[in-house]
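Each remark here refers to the structure printed beneath this line.
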Amino acid sequence: MLLHDTLTRTDRPLHPLDGKTLRIYCCGPTVYGPAHIGNFRTFVVQDVFRRTVELGGTPTLHVRNITDVDDKTIRDSQKAGQTLGSFTAEWTAKFHADCEALNLLRPHVEPSAVAHIPHQIAMIEKLMASGHAYKAEDGSVYFKVGAFHEYGALSHLEKREIRLGAAQTDSDEYSKESMADFALWKARKDEDGVNFWASPWGEGRPGWHLECSAMILEYLGTEFDLHSGGVDLIFPHHENEIAQSCCSTGGKFASHWFHIAHLMVDGGKMSKSLGNLFTLADLQAKGYTAAEVRYVLISGHYRAPLNFTFHTLDSARQALQKLAKHEASLRAKYGAGGAPKYDDLIRHGSAGVFADAWALLTNDLNVPGALGAVFGAIKDADSTAFDVETAKSRWMDLHFVLGALGVILPEAQPDAEAPAEVVALAEQRWAAKQSKDWAAADKFRDELAALGWTTKDSKTEYKLIPL
RNA sequence: GGCGAGGUAGCAAAGUGGUAAUGCACUGGUCUGCAAAACCGGUAUGCGCGGGUUCAAUUCCCGCCCUCGCCUCCA
């Protein structure tokens, strides 16, 4: 598999460093409210990546953290009158529910920042010992950016070209030696309330960047295969992680960087003030399914901004319907039951007739190209002409590709229960039609429409459909 | 100002040094009493603008315009 690497800005092949398992770290959510669909674009794309790697025959070790201590979680838990722990547990549960609805594979490890404070303190101690960090007057500990010469390699800043402006004067951080330095440990403040921990430098809490470095070291080691997140994390978050980790372990840290572009809404940035910041629940309340949302989120290449609109959601519904119909026709021929399990797909191990789509997918995760190839292959296939064996193998191949994309096909609509009144009208219409009384038949059809129903006729029977 | 991503049909979105996938929408046909559904077709002489290189550029180079993101804790 070929994947673009942010650090080298080239497409590079992925091979597990240990020759067996691809070790992946993804920056997870800060649990202080519902994740929005922009957040989920990143997680969904990471999920497609993981599935593609695994279906391609390489097992993964997927670690994604939960950030459950920072300014916002502390502030909003207090506002809600809850302890930090119960507040973040609630939002973590909500996040998990959304992940499941969106068909995201669960990470193998999902560590929380609060549960790894000692690991973070240990990392700071190493950085202090090696002279990469210093304690400021207020008890905070900062990383000395000037002591790490490779700083800026990921975001391609030769030096930190800090734009001078009012935003730079954060009163909390007046004690830093240099503007570029960032907090490893934040000294306790009154507004933190009970949310502080003991450390060799006094009471306080860890800085944001540190948790990822500490948990990566714990679960993936000093060097691992791939680190991922939204493009906004390139700087400063990932840059800072590199600095902390490399200076404390002497290792090289991530060998590949995978960043996902942002989701836009109506051509612009999502924001609460514009009222265009949607959560999964918002869209479900409008009648869309998580499967449709997922389809939209993968429908653009991950390195290009994706514009989200309700029109694209509507097209996703139709596109999924088209895939479902093809799948159903193969299944009917083959006589199979439900969709194969993910593990069955891994054993299957081949995209078969969808090899073109698979090739696109494994070339820098070209999902839109792959989807196009799937539709193209479907179009050229007359499923009624397949024999049972062909139908069976194509059915499995189709599920293999859809399994990599994590696409869930809509269930066939169960026949709706029509009220007796509607059934009676439909019977009358059918009788009129059988006696070729078209005027009467059309009249009954109009009356059905007025009640919100229509019919689909075949030669021998009709079916009632709600409008 | 620095760094980065992007500008392709009504909408969305791939792609390529040799003449533009795919989905939605629209539209023609088959089917139907007419429809619906389904199926089969059609729809960009054109890929932000202007130059250049080349036998040939949407694809490479240069300049310009526009959109979006990051520039200290936003996926």
Side-chain angles (χ1 to χ4, degrees), chain A residues 6 9 26-30 35-46 67 70-72 145 152 155-165 167-168 170 172-173 176 179-183 186 207-210 228-237 239-240 259-264 267-271 295-296 299-301 303-323 325 329 356-357 360 366-379 382 384 433 436-439 441-442 445 454-459 462-463 465 467:
Chain A
T6 311
R9 305 211 173 159
C26 300
C27 288
T30 301
H36 55 71
I37 54 172
N39 297 314
F40 278 117
R41 181 190 188 189
T42 297
F43 301 131
V44 166
V45 168
Q46 289 165 342
T67 297
D70 79 323
D71 290 340
K72 289 189 289 271
V145 166
S155 52
H156 298 260
L157 293 172
E158 288 308 312
K159 289 177 187 169
R160 299 189 78 180
E161 306 267 353
I162 303 216
R163 188 181 195 176
L164 298 174
Q168 299 308 313
D170 181 343
D172 293 344
E173 304 193 339
K176 287 196 287 193
M179 219 58 223
D181 296 346
F182 58 90
K186 305 181 89 159
W208 172 46
H209 314 295
L210 191 61
S228 176
V231 285
D232 53 303
L233 296 183
I234 295 172
F235 185 88
H237 185 56
E239 202 72 78
N240 291 173
H259 289 104
I260 292 112
H262 278 175
L263 184 73
M264 325 276 290
K269 189 180 183 177
M270 282 187 295
S271 74
Y295 189 94
V296 170
S299 65
H301 187 92
R303 282 204 283 140
L306 176 66
N307 192 23
F308 175 89
T309 63
F310 283 97
H311 184 257
T312 59
L313 256 184
D314 292 331
S315 355
R317 171 169 295 177
Q318 294 308 121
L320 284 167
Q321 212 66 50
K322 193 172 209 168
L323 290 171
K325 279 169 187 156
S329 73
D356 289 351
L360 263 339
N366 187 347
V367 175
L371 281 170
V374 168
F375 281 108
I378 284 175
K379 185 186 259 184
D382 178 5
T384 58
K433 184 176 172 177
K436 298 196 191 299
D437 183 355
W438 312 129
D442 288 350
R445 184 158 63 191
T454 188
T455 67
K456 282 187 193 173
D457 297 354
S458 70
K459 290 272 187 204
Y462 69 91
K463 206 176 193 180
I465 310 285
L467 283 173

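We use all heavy atoms of the structure for the numbers below, so side chains are in, but hydrogens, waters and symmetry mates are not. The chains referred to below are lettered A, B, ... by the order of the sequence lines, with proteins before strands, and numbering in each begins at 1.
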Item to complete: Could you check how far CE of A:Met264 sits from P of B:rG4, rounded to whole Å?
Response: 19 Å
Practice prompt. Answer with base, sugar-phosphate or nothing: what part of the nucleic acid does A:Ser458 contact at a heavy-atom distance below 4.0 Å?
Written response: nothing
Worksheet item: When we call it a touch if two heavy atoms are under 4.0 Å apart, what does A:Ile260 touch: a base, just sugar-phosphate, or nothing?
Response: nothing
Fill in: Distance between C1' atoms of B:rA13 and B:rG52 (Å, rounded)
30 Å
Worksheet, complete the sentence: CG of A:Asp71 to OG1 of A:Thr30, rounded to nearest 0.5 Å, is 10.5 Å
Practice prompt. Mind telling me whether A:His237 and A:His209 have parallel, tilted or perpendicular rings, with 30° and 60° as the class edges?
Written response: tilted
Worksheet item: B:rG2 and B:rU72: how far apart are their C1' atoms, nearest whole angstrom?
Response: 16 Å
Discussion item. Can you measure A:Phe308 atom CZ to B:rA13 atom P for me and round it to whole angstrom units?
Written reply: 13 Å
Worksheet item: Roughly how far apart, to the nearest Å, are B:rA20 and B:rU54 at atom P?
Response: 24 Å
Worksheet item: Between B:rA14 and B:rG23, how far is it from one C1' atom to the other, in whole Å?
Response: 11 Å
Worksheet item: Looking only at side-chain N and O atoms, does A:Lys463 come under 4.0 Å of OP1 or OP2 in B:rA36?
Response: no
Discussion item. List the residues meeting ring pair (Phe, Tyr, Trp, His ring centres under 6.0 Å) with A:His301, not counting sequence neighbours, and say none if there are none.
Written reply: none
Worksheet item: Contact class for A:His259 vs. all strands (heavy atom < 4.0 Å): base, sugar-phosphate, or nothing?
Response: nothing
Protein and nucleotides 26-33 of chain B: nitrogen or oxygen contacts under 3.5 angstrom:
{"from": "B:rU32", "atom 1": "OP1", "to": "A:Lys459", "atom 2": "NZ", "distance (Å)": "3.1"}
{"from": "B:rG33", "atom 1": "N1", "to": "A:Asp442", "atom 2": "OD1", "distance (Å)": "3.0"}
{"from": "B:rG33", "atom 1": "N2", "to": "A:Asp442", "atom 2": "OD2", "distance (Å)": "2.7"}

Worksheet item: Which letters describe nucleotides 7-12 of chain B, given B = protein heavy atom under 4.0 Å from base, S = only from sugar-phosphate, - = neither?
Response: ----BS
Worksheet item: With a non-hydrogen cut-off below 4.0 angstrom, is A:Asp314 in contact with a base, only sugar-phosphate, or nothing?
Response: nothing
Item to complete: Starting from Watson-Crick (N1-N3 plus N6-O4 or O6-N4) and G-U wobble pairs under 3.5 Å, report the runs of at least three that RNA chain B belongs to.
Response: B:1-7 with B:65-71, B:10-12 with B:22-24, B:26-30 with B:38-42, B:48-52 with B:60-64
Worksheet item: Would you call A:Asn240 and A:Trp208 a side-chain contact if the rule is heavy atoms closer than 4.5 Å?
Response: no
Practice prompt. For B:rA25 versus B:rG17, give the span between their P atoms, rounded off to a whole number of Å.
Written response: 33 Å
Worksheet item: If the C1' atom of B:rU58 is compared with that of B:rG50, how far apart are they to the nearest Å?
Response: 15 Å
Worksheet item: Under 4.0 Å between a Lys/Arg side-chain N and an Asp/Glu carboxylate O for A:Arg317 and A:Asp314?
Response: no
Worksheet item: In Å and rounded to the nearest 0.5 Å, what is the OG1 to CG distance from A:Thr312 to A:Asn307?
Response: 7.5 Å
Practice prompt. Assign A:His237 to base, sugar-phosphate, or nothing according to its heavy-atom contacts below 4.0 angstrom with the strands shown.
Written response: nothing
Worksheet item: Using the P atom in both, what is the distance from B:rA5 to B:rC39, to the nearest Å?
Response: 41 Å
Fill in: Spacing of OG1 belonging to A:Thr309 relative to CE belonging to A:Met264, to within rounding of 0.5 Å
12.5 Å
Worksheet entry | Partners passing side-chain hydrogen bond (donor to acceptor under 3.5 Å, both in side chains) against A:Thr42 (at least two apart in sequence or in another chain) | none
Item to complete: Determine the contact category for A:Gly229: base if any of its heavy atoms lies under 4.0 Å from a base atom, sugar-phosphate if only primed atoms, P, OP1 or OP2 are that close, otherwise nothing.
Response: sugar-phosphate
Item to complete: Identify, residue by residue, the members of residues 372-379 of chain A with a heavy atom below 4.0 Å from RNA chain B, and return them in order of residue number, or none.
Response: A:Gly372, A:Phe375, A:Lys379
Item to complete: Could you please name the option among B:rG23, B:rA75, B:rA38 that lies closest to any side-chain atom of A:Lys325?
Response: B:rA38
